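Contents: one structure, followed by commentary.
Chain letters run A, B, ... following the sequence lines, proteins first and then strands; every chain starts at 1. Only a predicted model underlies this, so the values are computations on that prediction, with no experimental measurement involved.
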Amino acid sequence: MPRARIAIAALTLVLAAIAGTLLWITFRGEDTSATVGGPFTLVDETGRTVTQADFEGSPTVIFFGFTFCPDVCPTTLYELTLQMQDLGPDADKADWLFVTVDPERDTPEALRQYTSAFDSRIIGLSGTEEQVAAMAKQYFAYYKRVPMEGGDYTMEHTATVFLMDSGNELFGTIGYGEDAGMALSKLRRLLRDG
Amino acid sequence: MTRLAFALAAALCAASPALAQTAVTASGGWTRATPPGATTAGGFLTLTNSGETDDRLVGARTPDATRVEIHSMEMSDGVMRMRPLEDGLPLPAGATTELAPGGNHIMMMDLAAPVIVGAPVPLTLMLESGAEIAVELQVVPPGAPKPAEAQ
Ligand SMILES: [Cu+2]
C-alpha cells in the first residue's frame, strides 16, 4: 500500500516537472520567439524598390499568392475588393499588398496588369527569389514550387490574409473561406484601432 | 436497303466515340474572367451519373486553352495545395459530383486569349467510358463566386 502511494507521488512529481518544463518553454517562447512581420525589401509594380518602412505608420493588409493561381488568389483579391468598396474611403488608410510567391513569372509589370482587375488600391509586390523568400519568412508564410508535366510548375502557398497594425505588428488574420461579414468587421477594427 | 442503313449507322457509332452512350450529365458550368496577363482559369460544374455503372472524368479540352487537366485543391493549415488528378475524377453510379472553388476543378492552362465576361468557354469533357459531353462555361468577373444561373 505505501509503495503504491510512493509510486503515485513519484508519478505526480514527474508530471508536474513535465508540465513545468512545458510552461517554461511556452513562456520563454513568447519572450524570444520570432513574431510575424519584420523588415523586407521588395519591388513594387512600377519597378521601384520598397521596404517595410514605406508602409509604416498605417495598417497594412498582406496576401501572398501568384498570378497563375486559378482559384484562391483571384477569389481572395475579389473578396478584398468587395470589402474595400464597403469600407469606402476608409480603406485608403491602409496599404493593401499582394506579394507574389512566384517572382520568376510575376514581374512587376505582370503584377501591375493582374492587380488592375481588382481594387486599384491593391498593390502587387515582387522581387528576387531571395527577397521574396526573406519576406515570406518574416510572415511565416509557406510556399513551394510544385513541378507539373511538361516542365511547367504551380505554387502551393499560405492563403491567409495578414492584418498588420501601424506599428507593423500582427493585428489579426483572415483565413481562406472565412465568413465575409466577419472579415469585414476585422478590417474595420484594423482601420479603427490598428 | 434498311439493312444497309443499319450497318452504316452501326459503323458510324463504332467509329465515333463521341456517340458512346452515357448516363452522366453536366450542369451549371462556369469559370471566371482572367485578370490581365493571367493564363490559367479554373472551370467548375456539376456532374450527375444517373446510370448504374461507375464512370470517371479523365480529361477535357477546349479550343481556348492549350492544356486542360483535372485538378484537386485542398486547404490544410492555411496552405493551398493543388495537384493533377492522375487517374481522373470518379463519377460513382447514382451520385452527383461537384467541381467547385476550393476543391476539384478543371484547370485550363496556356489560355489562347483572356477569358472575358459574356463569352462562354466551350469545353468538352472526356469520360473513361469513351463518352464525351460538350458544355459551355458561363463567365463571371475575376475571382467572383458561382453565378446565380448556375445554381
Ligand atoms: Cu488547378
**Study point:** Verdict with supporting geometry, A:Asp71 and B:Arg32, side-chain contact (heavy atoms from CB on, under 4.5 Å)
**Key:** CA-CA 9 Å; A:Asp71 185 359; B:Arg32 291 156 168 162; 3.1 Å; yes
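- Using a 4.5 Å cut-off between heavy atoms, A:Tyr142 contacts chain B through its side chain alone, with no backbone atom that close.
- Each of B:Gly143, B:Pro35, B:Pro145 has some count of heavy-atom pairs under 4.5 Å with chain A, and the biggest count is that of B:Gly143.
- Note on A:Leu187: it clusters hydrophobically with A:Leu170, by side-chain heavy-atom contacts below 4.5 Å among ILVMFWY residues.
- Of all non-hydrogen atoms in B:Val79 and A:Thr158, the two that sit nearest each other are CG2-OG1, 3.9 Å.
- Only the side chain of B:Met73 comes within contact range of chain A, with at least one heavy atom under 4.5 Å from a heavy atom of that chain.
- Under the 3.5 Å distance criterion, with hydrogens and angles disregarded, no donor-acceptor pair is assigned to the side chains of A:Thr154 and B:Arg83.
- When the side chains of ILVMFWY residues are joined at heavy-atom separations under 4.5 Å, either directly or via intervening members, B:Met109 and B:Val58 end up in two distinct hydrophobic clusters.
- Of the atoms belonging to A:Cys73, not a single heavy atom falls under 4.5 Å from chain B.
- Residues B:Arg67 and A:Glu149 meet the side-chain proximity criterion, which asks for heavy atoms closer than 4.5 Å.
- Annotation: side chain of A:Tyr78 is not in contact with side chain of B:Pro142 (no heavy-atom distance under 4.5 Å).
- Proximity to chain B (any heavy atom under 4.5 Å) is shown, for A:Phe64, by neither the backbone nor the side chain.
- Interface check for chain A: of the options B:Gly78, B:Pro84, B:Ala33, the most heavy-atom pairs under 4.5 Å are formed by B:Gly78.
- Across every non-hydrogen atom of A:Pro70 and B:Ala41, the tightest pair is CB-C, 4.2 Å.
- Contact record, A:Tyr114 with B:Ala38: CE1-CB, 4.0 Å, taken as the closest heavy-atom pair.
- Counting non-hydrogen atoms of neighbouring residues, nucleotides and ligands closer than 6.0 angstrom, the CD atom of B:Glu136 exceeds 12 such neighbours.
- Both the backbone and the side chain of B:Ala144 come within less than 4.5 Å of a heavy atom of chain A.
- Considering A:Thr160, A:Val72, A:Thr76 as possible partners of B:Met80, the one that fulfils the side chain to side chain contact (heavy atoms under 4.5 Å, CB included) test is A:Val72.
- Within 6.0 Å of CG in A:Asp179 there are more than 12 heavy atoms belonging to other residues, nucleotides or ligands.
- Under the 4.5 Å side-chain heavy-atom criterion for Ile, Leu, Val, Met, Phe, Trp and Tyr, B:Met108 and A:Met148 are members of distinct hydrophobic clusters.
- A:Phe63 and A:Tyr176 fall within the same hydrophobic cluster, where Ile, Leu, Val, Met, Phe, Trp and Tyr residues are linked whenever their side-chain heavy atoms come under 4.5 Å apart, directly or through other members.
- Closest non-hydrogen pair, B:Met107 versus A:Phe68, comes out as CE-O, 4.3 Å.
- Counting heavy-atom pairs closer than 4.5 Å to chain A, the top residue among B:Pro101, B:Gly43, B:Gly37, B:Gly42 is B:Pro101.
- Within the 4.5 angstrom heavy-atom criterion, no atom of A:Glu79 approaches chain B.
- B:Trp30 and B:Leu123 fall into different hydrophobic clusters, defined by Ile, Leu, Val, Met, Phe, Trp and Tyr side-chain heavy atoms under 4.5 Å apart, directly or through other members.
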